[in-house]
Amino acid sequence: MKVKEQGLSEDEVNARANEKAKKRKEVRDRMLATKTIEKGLLIVHTGKGKGKSTAAFGLVMRAIGNGFRIGIVQFVKGKWQTGERPVLEKFPDQVTIKAMGEGFTWDTQDRARDIAAAKAAWAEAKRMIEACRTDPPAYDMLVFDELNIVLRYDYLDLADVVDTLRRRPPMLHIVVTGRNAKPELIEAADLVTEMTEIKHPFQAGVKAQKGIEF
């Protein structure tokens, strides 16, 4: 706390702070009153920093708590046994997970196989989107984990991906993760967050660790 303002007593300082808080709330309430649209969001998590998929699965946890039905397609990490998978499998009535990746390109070293896996995963993603046009929809939220990676390497038709995401059902939320998001996808999105790497344990020779990276 600042040194007593102009000789004011503690009660006077508190009263002044409370009055400022009241005015801030009035301004915020007026601002919130103008936000009346409810719609499904296209959300993109990108950037070189850690936390893109982690944030997406955090949204999944929140969605589960709200009774949402969630579909997940993993475009790259199919072979990885990640910690979130056994957790989400405990909610079979709410969560469907399709781990369809072949691993990172530097692991597979087989471009043709990577492209085939990306196309199969995208076909499943499109199937999930179409399943949301029923009443009731099959899903309330879809997560396309590391879709940005396969788009970066041009394994999929970018125009088809962006057009399909744009034409999603009105109330369907879709979350796309992965670094190097294409400008066209960013332009189409409602919410884009870029994770910026400031410091990473890899820089100090620390390997990927269970419960942190996977």
Side-chain angles (χ1 to χ4, degrees), residues 39-46 52-53 55-64 66-82 84-105 108 110-178 181-182 184-192:
K39 57 169 284 188
L41 301 178
L42 176 55
I43 301 170
V44 175
H45 295 169
T46 192
K52 297 174 288 293
S53 295
F57 284 109
L59 285 175
V60 168
M61 297 301 178
R62 178 176 291 165
I64 290 172
N66 281 287
F68 283 21
R69 291 152 296 183
I70 301 118
I72 301 167
V73 178
Q74 292 186 292
F75 279 78
V76 173
K77 298 171 183 171
K79 290 187 174 182
W80 287 24
Q81 184 54 47
T82 55
E84 61 267 15
R85 204 173 298 156
V87 173
L88 297 176
E89 287 171 351
K90 297 181 184 297
F91 300 90
D93 294 336
Q94 288 182 259
V95 183
T96 301
I97 306 175
K98 299 289 185 178
M100 303 184 69
E102 292 280 356
F104 290 102
T105 53
T108 64
D110 188 334
R111 184 173 182 273
R113 194 174 81 182
D114 291 343
I115 292 173
K119 288 182 175 179
W122 178 236
E124 178 61 27
K126 292 176 83 170
R127 186 199 66 76
M128 287 186 173
I129 292 173
E130 288 305 307
C132 297
R133 301 191 191 279
T134 59
D135 187 17
Y139 306 101
D140 304 293
M141 175 184 286
L142 299 177
V143 175
F144 299 149
D145 190 33
E146 306 288 8
L147 172 57
N148 285 335
I149 300 297
V150 298
L151 289 176
R152 175 190 181 188
Y153 291 108
D154 299 319
Y155 292 168
L156 298 175
D157 183 334
L158 176 61
D160 176 51
V161 171
V162 173
D163 182 61
T164 300
L165 296 177
R166 281 186 184 274
R167 292 186 298 102
R168 68 193 181 278
M171 296 307 296
L172 175 63
H173 301 297
I174 298 181
V175 186
V176 175
T177 74
K182 294 283 190 176
E184 295 87 344
L185 178 58
I186 290 174
E187 192 279 328
D190 299 287
L191 172 60
V192 180

Using a 4.5 Å cut-off on heavy atoms from C-beta on, say whether the side chain of [Y] contacts that of [X].
X      : Y      : answer
Asn148 : Lys52  : no
Glu187 : Val162 : no
Leu88  : Ile64  : yes
Leu147 : Leu156 : yes

Looking only at heavy atoms, which two atoms of [X] and [Y] are closest? And how far apart?
X      : Y      : result
Ala121 : Val73  : O-CG1, 3.7 Å
Thr46  : Ala181 : OG1-N, 3.1 Å
Glu89  : Pro92  : O-CD, 3.5 Å
Arg168 : Gly40  : NH2-O, 3.1 Å
His45  : Ile43  : NE2-CG2, 3.6 Å

Under the salt bridge (charged side-chain N to carboxylate O under 4.0 Å, His left out) rule, what do Glu146 and Arg152 come out as? Steps first, then yes or no, please. CA-CA 10 Å; Glu146 306 288 8; Arg152 175 190 181 188; over 6 Å; no
Nearest 0.5 Å, what's the [atom1]-[atom2] distance between [X] and [Y]?
X      : Y      : atom1 : atom2 : result
Lys39  : Asp190 : NZ    : CG    : 3.5 Å
Glu184 : Leu165 : CD    : CG    : 12.5 Å
Leu185 : Arg166 : CG    : CZ    : 9.5 Å
Phe144 : Ile129 : CZ    : CD1   : 4.0 Å
Phe68  : Met141 : CZ    : CE    : 6.0 Å

Which residues satisfy the salt bridge (Lys or Arg N to Asp or Glu O under 4.0 Å) test with Lys98, sequence neighbours excluded? none
Kindly write out the residues that satisfy salt bridge (Lys or Arg N to Asp or Glu O under 4.0 Å) with Asp157, not counting sequence neighbours, or none if the list is empty.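 Asp157 satisfies salt bridge (Lys or Arg N to Asp or Glu O under 4.0 Å) with no residue once adjacent residues are dropped.
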Tell me whether Gln94 contacts the main-chain N or O of Ile70 through its side chain, where contact means a donor paired with an acceptor under 3.5 Å. no
Which pairs, with at least one residue in residues 134-143 and sequence neighbours excluded, count as a side-chain hydrogen bond (donor to acceptor under 3.5 Å, both in side chains)? Arg69-Asp140
Given side chain to side chain contact (heavy atoms under 4.5 Å, CB included), test His173 with Leu59 step by step and report yes or no. CA-CA 11 Å; His173 301 297; Leu59 285 175; over 6 Å; no
Any carboxylate oxygen within less than 4.0 angstrom of a Lys/Arg side-chain nitrogen, looking at [X] and [Y]?
X      : Y      : answer
Asp145 : Arg85  : no
Asp154 : Lys182 : yes
Glu124 : Arg127 : yes

Which word best sums up how the rings of Trp122 and Phe75 line up, parallel for under 30°, tilted for 30 to 60°, or perpendicular for over 60°?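 Trp122 and Phe75: tilted rings.
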So, applying side-chain contact (heavy atoms from CB on, under 4.5 Å) with Val176, which one of Leu42, Leu151, Val143, Leu142 is it? Leu42
Please lay out, stage by stage, how Lys126 and Asp160 fare under the test side chain to side chain contact (heavy atoms under 4.5 Å, CB included). CA-CA 10 Å; Lys126 292 176 83 170; Asp160 176 51; 3.3 Å; yes
Counting only heavy atoms from other residues, nucleotides and ligands, does the tally under 6.0 Å from CZ of Arg62 exceed 12? no
